[in-house]
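Reading through the structure tokens given below for one structure.
Keep in mind that the numbers below use all heavy atoms, side chains included, and drop hydrogens, waters and symmetry copies. The shown structure was predicted, so the numbers you read here are calculated from the model rather than taken from an experiment. Below, read A as the first sequence line, B as the second, and so on, with proteins coming before strands; counting in each chain starts at 1.
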Amino acid sequence: MIEPRTLKGFRDHLPAQALARERILDVARQVYRSFGFAPIDTPALEYLEILTGKGSAETDKQLYRFTDHGGREVGMRFDLTVPFARFCAQHIASLGTPFKRYHMATVWRGENTQRGRYREFMQCDFDTIGTTSPVADLETVLVVHDLLAAIGIERFTIRINDRRVLGGVLASLGLADRATDVLRSLDKLGKATRDAVKAELIGHGVVADAVEKLLKMAELSGSMADVLAGLESLVADSESGRAGVAALRAILDGVQAAGVAEGRVVVDPSIARGLDYYTGIVLESFLDDLPTLGSICSGGRYDNLAGLYTKQALPGVGASLGIDRLLAGLEELGKLSAVETPAEVFLVFFDEAHLADYLRVASALRAAGMAVEFFPEAKRVGQQLKVAAKKGFPAALVIGSDEFAAGTAQFKNLATQQSTTIDWHGDLHVLVDAVRSQMVSR
RNA sequence: GUGGCUAUAGCUCAGUUGGUUAGAGCACUAGAUUGUGAUUCUAGGGGUCGCGGGUUCGAGUCCCGUUAGCCACCCCA
């Protein structure tokens, strides 16, 4: 016998989890579409050169790669951004700009696993390309907000910053050439201790005076107005830095105008993001009840998405929801439902002689838009109800020979164990209407 | 990829300085009960002790390796 097992970092999804996943995917699809983003898809496999071209040494290491049967060097996509860049280089001429798309698909990274970190996981990206409008930046933040809210997360925070602010501060400190290292160190504030970050910065050759200024920047706090004012004074001598602060201010004003609750979107000068292609706003979002999980939805603005594949400059802005990390978080917080069925009505198979009647009833309910599971075996009623309750059906419909004779049915609320009698006199329309109203008032 | 912790039934766990045939609760199956999820009672299925070596008269227990999970680094969703 072969031992059944799954690869490290790869997982099976049982119904309870798969239902939760699909629900979030449905919500994401709905929110993206509500802003006019259109769906696309790309292959899981790409020519290796497409994927390795822009990647850092790190992503190259994490790439799943192999030689296919035709001798081609291929790789599995490790994010949705790089394939999208290739996609745009090939198709933007026929799509036109600005172009808004969403893409929800599986990606693979051969890195070490941890809580909320897998080797196979799904990303739900959306991007607006071909425009440098600040409205697109604002809209990106609004989409993330609406998405997390629509998923039903009550406590979350979207943290935004602007690379130009960081760049301005670094330039004024003469650290532009060490930007990546410095930003990565600053990014650890909140996770590592202040002294550890300090030591790391000094290790990067930052002089003590500059270290203090960097920490002062990253630790700016108070009202949003205070933070923005603080940043403004730090970047006073940098034109792009001032532009960055203005952009952040515009986003805060915009989300307020759009009716986003206070505190949901905040400026956090320590948000840098490791990815070095970001050039404007950057954003990360966190579950307030589980900040150590890491960001569940991140993104930002970039100047040139597809420079490796086309001469056409394609600026854009977008973000990505990490649905598997989010699910790991929701599960840890006990916010995932244990329901194992997508159906609402469990139809008990009571009396074998009435099989045809059960099939008619089930069909009528389905035609009316209800999901119905008809139990395939005429086993004991108690057993069938037990199964139904365990799987989380909200309701069961019990119609035995007595009920068929009397033209009635028992509608059983499986959560409260209470039954009500439906008089349908053999008229399926009456039965369907009654079940529907019972489901609603349940 | 580097380092640390962990692994016994479907789940949660017990298992004595190494000593007979590895246990409990819950869950599951059948029956008491051929018309209703509980309770009770009866019977039952299910474990190569993650896997592979080693030490020993004897290993679930000690040692080494390996796989997986978790944690830290790194990076990120």
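Considering Phe346(A), Phe375(A), Phe349(A) as possible partners of Tyr358(A), the one that fulfils the ring pair (Phe, Tyr, Trp, His ring centres under 6.0 Å) test is Phe349(A).
Comment: Lys100(A) does not engage Asp127(A) in a salt bridge, judged by the lack of any side-chain N to carboxylate O separation of less than 4.0 angstrom.
Atom CD1 in Ile271(A) sits roughly 13 Å away from atom P in rC76(B) (whole-Å rounding). Computed from coordinates, the Leu63(A) CG to rG1(B) P distance equals 15 Å when rounded to whole Å. Atom CD in Glu332(A) sits about 16 Å away from atom P in rG69(B), given to the nearest Å. The nearest whole Å value for the distance from the CG atom in Asp125(A) to the P atom in rC76(B) is 15 Å. rC11(B) atom C1' lies 13 Å from atom CG of Leu14(A), rounded to whole Å. Between the CD atom of Gln384(A) and the C1' atom of rU34(B) there is a distance of 13 Å, given to the nearest Å. Whole-Å rounding puts the Phe121(A) CZ to rC75(B) P distance at 16 Å. Rounded to an integer number of Å, the gap from CD of Gln123(A) to P of rC75(B) is 18 Å.
For the residue pair Arg33(A) / Tyr102(A), a side-chain donor-acceptor distance below 3.5 Å is found, with atom types taken as modelled. No side-chain N or O of Asp423(A) forms a donor-acceptor pair with one of Thr408(A) less than 3.5 Å apart. Arg86(A) and Gln90(A) share a donor-acceptor pair across their side chains, judged by distance under 3.5 Å alone. Side-chain polar atoms of Glu284(A) and Ser298(A) form no donor-acceptor pair below 3.5 angstrom.
Within the 4.0 angstrom heavy-atom criterion, no nucleotide atom of any strand lies near Leu321(A). Within the nucleic acid shown, Gly110(A) has no heavy atom closer than 4.0 Å to any nucleic acid atom. Heavy atoms of Gly382(A) sit under 4.0 angstrom from primed sugar atoms or phosphate atoms, though from no base atom. Within 4.0 Å of Asp402(A), counting heavy atoms only, lies at least one base atom of the nucleic acid.
The side chain of Asn112(A) sits closest to rG1(B) out of rA30(B), rG1(B), rG37(B). Of the listed nucleotides (rG37(B), rC70(B), rG31(B)), rG37(B) has the atom at the smallest distance from the side chain of Leu385(A). In the set rG35(B), rC70(B), rC28(B), the nucleotide with an atom closest to the side chain of Lys390(A) is rC28(B). The side chain of Gln383(A) sits closest to rA30(B) out of rG1(B), rG35(B), rA30(B).
Under 4.0 angstrom from either OP1 or OP2 of rC71(B) there lies at least one side-chain N or O belonging to Arg115(A). Contact between the side-chain N/O atoms of Lys8(A) and the OP1/OP2 oxygens of rU67(B) is not found at any separation under 4.0 Å. For Ser295(A), no side-chain nitrogen or oxygen approaches OP1 or OP2 of rC76(B) to under 4.0 Å. A sub-4.0 Å separation between OP1 or OP2 of rC75(B) and a side-chain N or O of Gln114(A) is absent. Phosphate contact (OP1/OP2 of rC70(B), side-chain N/O of Arg117(A), threshold under 4.0 Å): absent.
Between the side chain of Glu403(A) and the base of rG35(B), a donor-acceptor pair under 3.5 Å is found. Between the side chain of Glu111(A) and the base of rA77(B) there is at least one donor-acceptor pair of N/O atoms closer than 3.5 Å. In the interface, the side chain of Arg325(A) is paired with the base of rC76(B) through a donor and an acceptor atom under 3.5 Å apart.
Atom P of rG18(B) sits at a distance of 11 Å from the matching atom of rC63(B), rounded to the whole Å. Distance check on atom P: rA77(B) versus rG25(B) gives 49 Å, rounded to whole Å. Only the P atoms considered, rG60(B) is 11 Å distant from rC51(B), to the nearest whole Å.
Summarising the local packing, CD of Glu212(A) is surrounded by more than 12 heavy atoms from other residues, nucleotides or ligands at distances under 6.0 Å.
Judged by Watson-Crick or G-U wobble contacts below 3.5 Å, the nucleotide rU29(B) has rA43(B) as its partner. Pairing for rU55(B) is absent, judged as Watson-Crick or G-U wobble with the two contacts each under 3.5 Å. Pair check for rU2(B) finds rA72(B); Watson-Crick or G-U wobble, both atom distances under 3.5 Å.
Judged by closest nucleotide on RNA chain B, Phe10(A) is the one of Gly322(A) and Phe10(A) placed further toward the 5' end. Projected onto RNA chain B by closest heavy-atom contact, Gln417(A) and Met122(A) fall at different nucleotides, the more 5' of which corresponds to Gln417(A).
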